[in-house]
Amino acid sequence: MHTDIKRNFKHIRKFLFWSINKEFLIFLFFFILSASFWLSMTLDETYEKEIEVPIHIVNIPQNAIITTEMVDTVKATIRDKGFAFLTYMNSNRFRSINLNFSTYANQETGKGNVPLNDVQNILYQRLSGSSKITAIKPDNLFFYFNYGESKQVPVRLNGIFKPAESFYLSTIDINPQKVTVYAQKEVLDTITHIDTERLRIVDFRETITKQAKLKKTVGIKTVPNKVTLRLSPDILIEESIEVPIVAINTPSNKTVRTFPARVKVLFNVGAEMYKMINERQFKVVVDFLELSKNPSAKCTLRLQSAPSEARQARLEINQVDYVIEQNGETR
């Protein structure tokens with residue numbers, strides 16, 4: 001009896017599993033059927049899709065230099081049914097377009113223009129008959145070239161370079177200081193320098209080394225196209241130095257003596273630069289002609305020259321006592 005019960009249990013379990021599998025297969029069949037119907041409806045609809053296609057100028061002569069590169073990608077908006085786009089996904093129809101240099105290069109102007117119609121025609125040859133191109137970007141395709149005309153010009157910084165408070169920019173090193181520019185001769189004649197792209201480097205206390213790209217100009221190629229900048233700040237300190245007072249425009253038979261004979265000059269200077277400064281780099285004068293025109297008890301001093309490293313140079317006092325000697329006499 002126990003054996004009969006066990007046998008019946010196996011039959012019941014087999015029946016239940018078969019029923020479940022049957023329902024699952026039926027569900028799976030209708031799911032695949034509905035998915036196929038949905039996919040068919042979706043692919044039959046019309047879509048617009050933007051496709052990117054690489055584009056290159058080829059067969060460039062060895063002695064020709066492209067001074068302004070053409071854009072390397074065109075974006076074409078294509079309208080068609082989903083079935084067509086499904087086909088394009090599994091093909092190389094949007095491989096790179098290669099354009100022959102000699103076909104588009106104008107030797108007189110040094111400029112090459114590629115009509116968008118040419119690009120469009122190439123694309124249509126790769127598309128199915130039902131596809132339509134509704135737009136192409138960019139609007140213009142052009143490149144500039146020459147046959148080696150060049151010259152070297154200095155690099156000029158462009159931007160704002162300001163160290164932190166109480167610091168100043170001690171040295172600026174540009175490497176290389178000059179670059180080679182390629183362009184048409186009439187353009188080369190107008191180029192005196194090449195600017196860096198605009199930079200903003202502020203509030204720095206330590207030496208900064210930075211790569212700076214050179215400003216791009218249509219029709220001009222620079223080699224190299226970037227330089228290395230080294231900006232070295234130095235802390236400002238206030239210092240002073242005593243300088244002799246010198247009389248100028250004095251007749252040969254007269255002498256101007258001042259009291260005191262030396263005066264202190266105050267200035268701000270970088271800590272590293274201070275040791276390079278001496279009194280011979282300053283000149284403090286009193287002008288005899290001014291004394292003759294406007295005699296007074298005191299003469300006015302003027303700081304005539306100072307080294308560029310001495311920032312905000314000024315005299316501690318602007319007037320001193322004086323006497324004018326003549327033939328051994330004093331007045």
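Residue indices begin at 1 and follow the sequence shown.
- Interatomic distance, Asp234 CG to Glu272 CD, rounded to the nearest 0.5 Å: 5.5 Å.
- Between Glu197 and Lys226, no side-chain nitrogen of the basic residue sits less than 4.0 Å from a carboxylate oxygen of the acidic one, so the salt-bridge criterion is not met.
- Contact record, Leu188 with Ser150: CD1-N, 3.5 Å, taken as the closest heavy-atom pair.
- Taken from CG in Asp173 to OG1 in Thr209, the straight-line distance is 9.0 Å, to the nearest 0.5 Å.
- To the nearest 0.5 Å, the span separating OG on Ser240 from CG on Leu315 amounts to 12.0 Å.
- Atom-to-atom distance recorded for His56:NE2 and Asn100:CG is 14.5 Å, nearest 0.5 angstrom.
- Lys264 and Glu242 are not joined by a salt bridge, as no carboxylate oxygen comes within less than 4.0 angstrom of a charged side-chain nitrogen.
- In this structure, the side chains of Val320 and Lys298 stay at 4.5 Å or more apart for every pair of heavy atoms.
- Hydrophobic clustering (ILVMFWY, side-chain heavy atoms < 4.5 Å, transitive): Val286 and Ile317 are in one cluster.
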Tell me, with the steps shown, if Ile97 and Leu123 meet side chain to side chain contact (heavy atoms under 4.5 Å, CB included).
-> CA-CA 9 Å; Ile97 295 176; Leu123 287 176; 3.9 Å; yes
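- Of all non-hydrogen atoms in Arg95 and Val53, the two that sit nearest each other are O-CG1, 3.4 Å.
- Between the CG atom of Asn140 and the CG atom of Asn113 there is a distance of 7.5 Å, given to the nearest 0.5 Å.
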Any chance you could lay out the side chain to side chain contact (heavy atoms under 4.5 Å, CB included) test for Val269 and Ile237, step after step, and finish with the verdict?
-> CA-CA 6 Å; Val269 65; Ile237 57 176; 4.0 Å; yes
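- The side-chain contact (heavy atoms from CB on, under 4.5 Å) search around Asn106 returns Glu108, Thr109, not counting sequence neighbours.
- Annotation: Lys151, atom NZ; neighbour count of heavy atoms from other residues, nucleotides and ligands within 6.0 Å is above 12.
- Ile136 is connected to Ile122 through a chain of hydrophobic side-chain contacts under 4.5 Å among Ile, Leu, Val, Met, Phe, Trp and Tyr, so both are in one cluster.
- With a 4.5 Å cut-off on side-chain heavy atoms, Thr103 and Val114 do not count as touching.
- In this structure, the side chains of Lys293 and Asp287 stay at 4.5 Å or more apart for every pair of heavy atoms.
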Derivation and outcome, side chain to side chain contact (heavy atoms under 4.5 Å, CB included), residues Phe267 and Glu239 | CA-CA 6 Å; Phe267 56 90; Glu239 290 292 343; 4.0 Å; yes
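- Considering only heavy atoms from C-beta on, Pro244 comes within 4.5 Å of Glu279 through its side chain.
- In this structure, Asn268 contributes its side chain and Gln312 its backbone to no donor-acceptor pair below 3.5 Å.
- Heavy atoms from other residues, nucleotides or ligands lying under 6.0 Å from CZ of Arg257 number 12 at most.
- Closest approach of Glu238 to Arg314, counting heavy atoms only: OE2-NH2, 2.7 Å.
- Side-chain heavy atoms closer than 4.5 Å link hydrophobic residues (I, L, V, M, F, W, Y) into clusters, and following such links, possibly through other members, connects Tyr322 to Val263.
- Counting non-hydrogen atoms of neighbouring residues, nucleotides and ligands closer than 6.0 angstrom, the CD atom of Glu206 reaches no more than 12 such neighbours.
- If you chain together ILVMFWY residues whose side-chain heavy atoms come under 4.5 Å of each other, Ile160 ends up grouped with Val202.
- By the neighbour-count criterion of 12 heavy atoms within 6.0 Å, atom CZ of Arg230 is sparsely surrounded, having that number or fewer from other residues, nucleotides or ligands.
- Cluster membership for Ile241 and Leu236, using ILVMFWY side-chain heavy atoms within less than 4.5 angstrom, is shared.
- Counting heavy atoms from C-beta outward, Val284 and Val246 have side chains that stay 4.5 Å or more apart.
- For the pair Lys111 and Phe142, the cation-pi criterion (under 6.0 Å, within 45° of the ring axis) is fulfilled.
- Counting only heavy atoms from C-beta outward, the side chains of Leu301 and Asn318 never approach each other to under 4.5 Å.
- In this structure, the side chain of Gln281 engages the main chain of Asn278 through a donor-acceptor pair within 3.5 Å.
- The two residues Leu116 and Asp139 have their closest heavy-atom pair at CD1-O, 3.1 Å.
- Scored by the ring pair (Phe, Tyr, Trp, His ring centres under 6.0 Å) test, Tyr104 finds no partners at all (sequence neighbours excluded).
- At most 12 non-hydrogen atoms from other residues, nucleotides or ligands lie less than 6.0 angstrom from CZ of Arg205.
- Checked by atom type, the side-chain pair Thr73/Glu52 shows no donor-acceptor distance below 3.5 Å.
- Shown here are the side-chain contact (heavy atoms from CB on, under 4.5 Å) partners of Thr196, two or more places apart in sequence or in another chain: Val155, Leu157, Asn158, Leu199, Ala212, Leu214, Val227.
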Would Phe204 and Phe161 satisfy ring pair (Phe, Tyr, Trp, His ring centres under 6.0 Å), going step by step from the backbone distance to the final call?
-> CA-CA 9 Å; Phe204 58 99; Phe161 308 92; 8.3 Å; no
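- Side-chain polar atoms of Gln184 and Asn146 form no donor-acceptor pair below 3.5 angstrom.
- When all heavy atoms are compared, the tightest approach of Val265 to Ala313 is CG1-CB, 4.4 Å.
- Side-chain contact between Thr222 and Thr180 is absent, with no heavy-atom pair separated by less than 4.5 Å.
- Remark: the backbone N or O of Ile133 is paired with a side-chain donor or acceptor of Tyr124 at under 3.5 angstrom.
- Side-chain N or O atoms of Glu149 include one that pairs as donor or acceptor with a backbone N or O of Tyr147 at under 3.5 Å.
- Within the model, atoms CZ of Arg79 and OG1 of Thr134 stand 5.5 Å from one another, a figure rounded to the nearest 0.5 Å.
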Show the atom names and distances, to 0.1 Å, of all donor-acceptor pairs under 3.5 Å that link a side chain in residues 60-72 to residues at least two apart or in another chain.
unit_1 : atom_1 : unit_2 : atom_2 : d
Thr67  : OG1    : Tyr144 : O      : 3.3
Thr67  : OG1    : Gly219 : O      : 3.4
Thr68  : OG1    : Gly219 : N      : 2.5

Using atom types as modelled, flag every donor-acceptor pair under 3.5 Å from a side chain in residues 164-171 to any protein atom, sequence neighbours excluded.
unit_1 : atom_1 : unit_2 : atom_2 : d
Thr171 : OG1    : Ser232 : OG     : 3.4

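- Other residues, nucleotides and ligands contribute at most 12 non-hydrogen atoms within 6.0 Å of the CZ atom of Arg280.
- Looking at heavy atoms from C-beta onward, Ile191 lies in side-chain contact with Ile220 at the 4.5 angstrom threshold.
- Using a 4.0 Å cut-off between charged nitrogen and carboxylate oxygen, Arg156 and Asp195 count as a salt-bridge pair.
- Closest approach of Asp321 to Ala297, counting heavy atoms only: OD1-O, 4.1 Å.
- Phe101 and Phe145 have perpendicular rings, their planes meeting at more than 60° on a 0 to 90° scale where under 30° would count as parallel.
- Between the side chain of Ser131 and the backbone N or O of Leu127, no donor-acceptor pair lies under 3.5 Å.
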Would you check, one step at a time, whether the test side chain to side chain contact (heavy atoms under 4.5 Å, CB included) holds for Val323 with Phe259?
-> CA-CA 8 Å; Val323 295; Phe259 303 94; 3.7 Å; yes
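- A continuous path of ILVMFWY side-chain contacts below 4.5 Å connects Leu99 to Val74, so both sit in one hydrophobic cluster.
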